[in-house]
> 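Submitted below is the structure of interest, expressed as structure tokens.
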Amino acid sequence: MTRQELTTVDVVVAGGGPNGLMLACELGLAGVRPVVLERLPVRSDQPKANGIIGQVVGLLHQRGLTTAPAPVPAFVFGAMPFHLAGLDGNPLRALGVRQPELEELFERRAVELDAEIRRGHELTGFEQDGEGVTLSVSGPEGPYELRTRYLVGCDGAHSLVRRRSGIGFPGVRAADVVSRTAHVTVPGAVVSPGTVEMDVPGHGTFVLYTWHRTERGAYAMLPAGPGVLSVTSMEWGGEIPGDDEPMTIGELRASLARVLGADLPLGPPTGEGPHLLRRLNGRETRVADRYRAGRVFVAGDAAHVHSAMGAPGLNLGLQDAANLAWKLAAELQGWAPAGLLDTYDAERRPAAERVAMHSSAQLALAAPGPDVTALRELFAELLGDDANRRRFAALLAGSDLPYPTPGDGHPLAGRFLADLPPEPASRARPLLLDRTGELRVRHERVETVTVPSCPAEAVLVRPDGYVAWAGTPDETLTRALETWFGKGVEMTA
């Protein structure tokens, strides 16, 4: 088969995890039918993330995928709790959903939007030229080639797409930290109804759903099913097991005993599973040196890896997908202004660098040692101030770093509009919100909506929920419309 005879699709997404499936959903909403290549023959049911925090929770609500989120009353930074209840302007939202259920939700929506999910199909190589990318794929019926105009790697931390495209992955590795996680039972333990506490006879009370730090390490516990807990211990220094040495519940129990200073009984989990049993040696913190190489892009873990402290991963990766999708669609549909695709890197790489910074800081704050203890005392004082609590909540939500926008610097510009209602945001179209209903500026690709509660006289919102412009309509609105959505502005009588 010659290159000219190959089947050509607009976008191929390598990787069918949450980020790849979210990208497929967003492309579908924008009118593009992607092909998703996923090497696993069936969707993974392995326990991974247990929830999402941050601005993407609001985006999922706007897409009609979740219920309206409320601000969280408390959270944790570096295994240090801080309270947010009653705090004005608290931007931190959370959604308790396990990753397998999230992937099922995204896949169902992607298929409804006509995405093609090819399970059991693994990308093994590719070559790109000025017109597109030719992929080598290993499928259930053997190898084949596929031609696409754009390839997006959502294929994880060891991304083949990133490596083969020549995108660098600079960063650091903390080699002295080991974390162990398993689903277990704790004989005699009682989780108090209506609280987040667990009583263990002879051992006291444990607060669940959060990290705790001792002078010997850190630990976390949370329910993982009827009678089953997910328990994690983290230690610094000491003997590091080999990667080929099997992890056991006994190893976790011994590690937890060292961290707690007491031997907490742990037993095997009940039920059918799947059950988690994992050890991670070291912690990688890396951000790709660019998110684009010609017609190839990276997103999610293929673009950034970091500590899980603060649970920032899905907020970061899912917003990568939302940011890139509408821009790819604009390019494919022929109306993208010059340089639009390059704004993906300009907007999302700084967000990843910010997460890499604060997740590394949180990991450092959870480490043992008297110097860290002194630093935590100082942080506890800082977190007693409302302004600092608001700042840390914004940092964790990802709302403290607006996208760069041309114009006069309106406070809303470049920021996610959290209160945008699901209708019409579920259609993922650019919106021009008009407070008065008398706006005379129109654009052929932008839907104008009268919103009496609009936070400015007019607000131009991108398909990913971010504000491109806000203020009193004048020539700057016309420039913003053309900057982001191309020619097509008209004035109505």
Side-chain angles (χ1 to χ4, degrees), residues 8-11 23 26-34 62 113 130-132 148-150 152 291-292 294-295 297 321-348 402-410 412-417 420 424-451 454-493:
T8 301
V9 298
D10 285 332
V11 180
L23 180 59
E26 292 291 296
L27 286 167
L29 286 172
V32 175
R33 182 174 184 262
Q62 291 173 7
L113 294 167
E131 302 297 324
T148 183
R149 294 178 65 185
Y150 293 99
V152 184
Y291 280 19
R292 178 185 186 184
R295 291 179 172 269
F297 297 81
N323 185 293
L324 179 58
W326 73 270
K327 297 171 183 178
L328 277 175
E331 191 71 28
L332 289 164
Q333 293 161 2
W335 59 263
L340 181 65
L341 275 178
D342 291 329
T343 65
Y344 170 60
D345 177 280
E347 293 175 346
R348 294 310 299 161
Y403 292 158
T405 55
D408 59 0
H410 190 281
L412 289 174
R415 298 189 180 278
F416 182 74
L417 195 60
L420 196 63
S426 61
R427 299 196 289 273
R429 292 190 60 190
L431 300 173
L432 183 54
L433 308 183
D434 174 14
R435 180 191 289 169
T436 66
E438 299 176 356
L439 191 63
R440 295 190 300 160
V441 181
R442 296 288 187 270
H443 191 288
E444 63 184 50
R445 281 178 288 276
V446 179
E447 182 178 353
T448 301
V449 182
T450 300
V451 181
C454 186
E457 188 172 337
V459 179
L460 180 60
V461 186
R462 307 182 336 179
D464 57 0
Y466 278 79
V467 175
W469 174 95
T472 300
D474 56 19
E475 68 278 0
T476 63
L477 172 56
T478 299
R479 286 201 298 269
L481 285 163
E482 293 182 342
T483 295
W484 291 104
F485 308 116
K487 301 296 182 180
V489 176
E490 62 182 38
M491 302 293 292
T492 62

> Of all the heavy-atom pairs spanning Trp469 and Thr472, show the shortest one and how long it is.
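In terms of heavy atoms, the two residues are closest at CZ2-O, 3.5 Å.
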> Shortest non-hydrogen contact from Leu29 to Ser426?
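Here Leu29 and Ser426 meet closest at CD2-O, 3.5 Å.
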> I need the Leu113 CG to Leu27 CG distance, nearest 0.5 Å.
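Reported to 0.5 Å precision, the distance equals 10.0 Å.
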> Check Arg479 against Thr476 and note the closest heavy-atom contact, atom names and distance.
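Nearest heavy atoms, Arg479 then Thr476: NH2-CG2, 3.2 Å.
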> Could you state the interatomic distance from CZ (Arg415) to OG1 (Thr405), rounded to the nearest 0.5 Å?
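That separation rounds to 9.5 Å.
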> Identify the heavy atoms of Gln333 and Ala30 that sit nearest to each other, and give their distance.
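Between these two residues, the closest heavy atoms are NE2-O, 2.7 Å.
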> How about Val152 and Leu328: do any of their side-chain heavy atoms sit closer than 4.5 Å?
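In short, these two side chains touch, coming nearer than 4.5 Å.
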> Are side-chain heavy atoms of Pro424 and Leu431 found at a separation under 4.5 Å?
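Pro424 reaches Leu431 side chain to side chain.
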> Can you list the steps and then say if Glu444 with Glu490 is a side-chain contact (heavy atoms from CB on, under 4.5 Å)?
CA-CA 8 Å; Glu444 63 184 50; Glu490 62 182 38; over 6 Å; no
> Testing the basics here: between Val446 and Leu432, what is the closest heavy-atom pair and its distance to 0.1 Å?
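Nearest pair, atom of Val446 first, then Leu432: CG1-N, 3.6 Å.
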> Rounded to the nearest 0.5 Å, what separates atom CG in Leu341 from atom CZ in Phe297?
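Rounded to the nearest 0.5 Å, the CG-CZ separation comes out at 4.5 Å.
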> Taking 4.0 angstrom as the limit, do Arg292 and Asp342 come out as a salt bridge?
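Answer for the salt bridge query: yes.
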> Rounded to the nearest 0.5 Å, what's the gap from CD on Glu482 to CG on Leu477? Could you check?
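So the CD of Glu482 and the CG of Leu477 are separated by 10.0 Å.
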> Is it true that atom CD of Glu447 has more than 12 heavy atoms of other residues, nucleotides or ligands lying nearer than 6.0 Å?
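Yes, because the 6.0 Å sphere around CD of Glu447 holds more than 12 heavy atoms from other groups.
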> Under a 3.5 Å distance rule, please check whether Asp434 uses its side chain to pair with a backbone N or O of Leu439 as donor and acceptor.
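Between the backbone of Leu439 and the side chain of Asp434 there is a qualifying donor-acceptor contact (under 3.5 Å).
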> Looking at residues at least two apart in the chain, or sitting in another chain, which of them share a ring-ring contact (aromatic ring centres under 6.0 Å, His included) with Trp484?
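So Trp484 forms no ring-ring contact (aromatic ring centres under 6.0 Å, His included) with any residue.
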> Check Tyr403 against Arg462 and note the closest heavy-atom contact, atom names and distance.
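Closest pair (atom of Tyr403, atom of Arg462, distance): CE1-NH2, 3.2 Å.
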> About how many Å separate CG of Leu460 and NE2 of His410, when rounded to the nearest 0.5 Å?
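It is 12.5 Å, given to the nearest 0.5 Å.
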> Give the intermediate values and the outcome of side-chain contact (heavy atoms from CB on, under 4.5 Å) for residues Leu433 and Leu417.
CA-CA 11 Å; Leu433 308 183; Leu417 195 60; 3.8 Å; yes
> Going by the rule side-chain hydrogen bond (donor to acceptor under 3.5 Å, both in side chains), which residues pair with Gln62 if we only count those two or more places apart in sequence or in a different chain?
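None.
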> Any side-chain heavy-atom pair from Lys327 and Glu347 closer than 4.5 angstrom?
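When only atoms from C-beta onward are counted, Glu347 and Lys327 do touch, with a gap below 4.5 Å.
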> Looking at CZ of Arg33 and CG of Asp10, how far apart are the two atoms once the value is rounded to the nearest 0.5 Å?
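Answer rounded to 0.5 Å: 10.5 Å.
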> What class does the angle between the rings of His443 and Phe485 fall in, given that below 30° is parallel, 30 to 60° is tilted and above 60° is perpendicular?
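Perpendicular, since the angle between the ring planes exceeds 60°.
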> Can you check side-chain contact (heavy atoms from CB on, under 4.5 Å) on Asn323 and Tyr466, steps first, answer last?
CA-CA 9 Å; Asn323 185 293; Tyr466 278 79; over 6 Å; no
> If only atom types and distance count, is the side chain of Arg445 paired as donor or acceptor with the main-chain N or O of Lys487 below 3.5 Å?
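A pair under 3.5 Å: yes.
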